[in-house]
Protein chains: 2
Amino acid sequence: MAERHSGGGPADRTLALLWRNQHPGPATKPPLGRRPTLDLNTVVDAGIALADEKGLAAASMNGVAKALGVGTMTLYTYVPSKEELLDLMVDQVLAERALPGPGEPRPATWRDQINLYSDQTRAMFRRHPWLASISTIRPPVGPGMLAAREYLLSACAVLGLSARQTNTAALAITTYIDSAAGLEAESEQLERSTGQSHDAWWNERYDLWETYFDVERHPTMTAIWNAEGYGDGTREAADESYRFGLDRLLDGIEALRDPG
Amino acid sequence: MAERHSGGGPADRTLALLWRNQHPGPATKPPLGRRPTLDLNTVVDAGIALADEKGLAAASMNGVAKALGVGTMTLYTYVPSKEELLDLMVDQVLAERALPGPGEPRPATWRDQINLYSDQTRAMFRRHPWLASISTIRPPVGPGMLAAREYLLSACAVLGLSARQTNTAALAITTYIDSAAGLEAESEQLERSTGQSHDAWWNERYDLWETYFDVERHPTMTAIWNAEGYGDGTREAADESYRFGLDRLLDGIEALRDPG
DNA sequence: GTCTATTCTCGTATACCCTACGAGAATGAC
DNA sequence: GTCATTCTCGTAGGGTATACGAGAATAGAC
């Protein structure tokens, strides 16, 4: 049997770090011993800044320490391991989204409430494209993640579906928004970091059409290409694709609303 | 200006590897020099097997070489770098899906055709959960990726939408299916590899509800919890969630069909 | 002022990762 | 047998995370 109560395990330690800014803590004992030169928020901010500017790989323990002007091992005073640092970076970034809490003013319609979540999430991924390359199963359960879930669930709750279906609908919406927004941001960031546009990338694969592509095996792709169905690769085209998928998903969910 | 024609760049070399089994090649010159002990397909298969069994991290150059009983550097005879090996692993796995090509028998209705893609893709992710942790922007453009795209587009083509909308619809469908199936497989694999169920993982975070969770800031979550809206964490519940999202998305797309 | 308990700092070492280089082994052609 | 060619793979170099332990800084006791 796994322990059911707080036992000071690694998960409890991580939770304490995640909620450090919301929860007062038992009691502030008088400081003893050598004073720290940094604090946890500074370390997390440095990690985020580094990942934003130079990619997730640059946010190594060595990299973050150098950016802060301390030795690598000093970071381990503030964070038990790199894994926890990443969790803290993620939840902080999740919390950046300006989503109204319970009782605060919010858009009038269900769709606009979802669209607010969508806009805020896309902006978040644009600011922090490295987020897309972090697995979201078993995420850090910190204030940022919980606040976003609460908002999305509360938006879906107005549809009047069962509790089970409300949850499932919210899940489908996050799945689509988070992954589509992540892909979008990752693509834009790749264009910036490699200096190679999406079109240039395809041009580099000119040989594909020249040498390997078999029209007979790919008639639909060929037809869509001939009808110029692939769009022009601009940001606007990508935006339109994103909206199309989200709008259709919301259409489908809204159709379940009490058919009165 | 970037070069427009095949110039033997790194992209062309990767394409040649990806299409090695489809395309005969210019001419088979007589073998010269020492005979190789392996071939590329063996190396790729070993990489896939290792990633399947012990995770993507185990499919290191060292790990694959050891599994094949050769020195690490020997692999570089067959593959220019680890990046290419990964591309080859991915496209091979993408090609595993049994999706009918043009002219071959396929399910009668649009929805069943999409469902076939969904089933095959979910099974693929279940067999190869490491696939979920590989970025899909700028994927390997090999036979596996192209065949799947062709199938999905041909399924969407029967809706009678414009070429542009057909492509956009297919994009939305892959976005949902690929990410939801990836998450599902990643979660199942984590349960296997860590030996910790989803429920056990939440139990380990008992302190969250005990110490940190604020009911006033999360009324909807609380209400859904009290109404037992979160399901029981079983495979069936996850399956139901997956289907719900996909069905709603397909509902929304189908509603665009000529409203006759 | 000195001593001590406590805490923070961080150099060193270990165990991985990818891969550039180059020496040596195997092979077919002559 | 010699030679060009190709494959094999040990070594080395630069990257990653982090365990360990010596040393520095600080607060309070005396």
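Here is the naming used below: chain letters follow the sequence lines, and residue numbers restart at 1 for every chain. Only a predicted model underlies this, so the values are computations on that prediction, with no experimental measurement involved.
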(message) Restricting to side-chain hydrogen bond (donor to acceptor under 3.5 Å, both in side chains), what partner residues turn up for His218(A), sequence neighbours left out?
(response) none
(message) Using whole Å, what does the distance between atom C1' of nucleotide dG24(C) and atom CZ of Arg34(B) come to?
(response) 9 Å
(message) Main chain of Leu171(B), side chain of Thr174(B): is a donor-acceptor contact present, judged purely on distance under 3.5 Å?
(response) yes
(message) Using a 4.0 Å cut-off on heavy atoms, which residues in residues 36-61 of chain A reach DNA chain C? List them by number, or say none.
(response) Pro36(A), Thr37(A)
(message) For DNA chain D, which residues of residues 62-83 of chain B approach it to below 4.0 angstrom with any heavy atom?
(response) Val70(B), Gly71(B), Met73(B), Thr74(B), Thr77(B), Tyr78(B)
(request) Determine the interplanar angle of the Tyr212(A) and His23(B) rings, folded into 0 to 90°, and report it as parallel if under 30°, tilted if 30 to 60°, perpendicular if over 60°. (result) perpendicular
(message) Under the side-chain contact (heavy atoms from CB on, under 4.5 Å) test against Ser179(A), which residue among Asp178(B), Thr175(B), Thr136(B) passes?
(response) Thr175(B)
(request) Measure across Leu56(B) and Ile134(B) and return the closest heavy-atom pair with its distance rounded to 0.1 Å. (result) CD2-CG1, 4.1 Å
(message) Is there a salt bridge (charged side-chain N to carboxylate O under 4.0 Å, His left out) between Arg138(B) and Glu204(A)? Walk through the geometry before answering.
(response) CA-CA 12 Å; Arg138(B) 309 200 179 177; Glu204(A) 203 187 19; over 6 Å; no
(request) Using a strict cut-off of less than 4.0 Å between a Lys/Arg side-chain nitrogen and an Asp/Glu carboxylate oxygen, indicate whether Glu188(A) and Arg126(A) qualify as a salt bridge. (result) yes
(request) First locate atom CE of Met89(B), then atom CG of Leu131(B), and finally report the distance between them rounded to the nearest 0.5 Å. (result) 9.0 Å
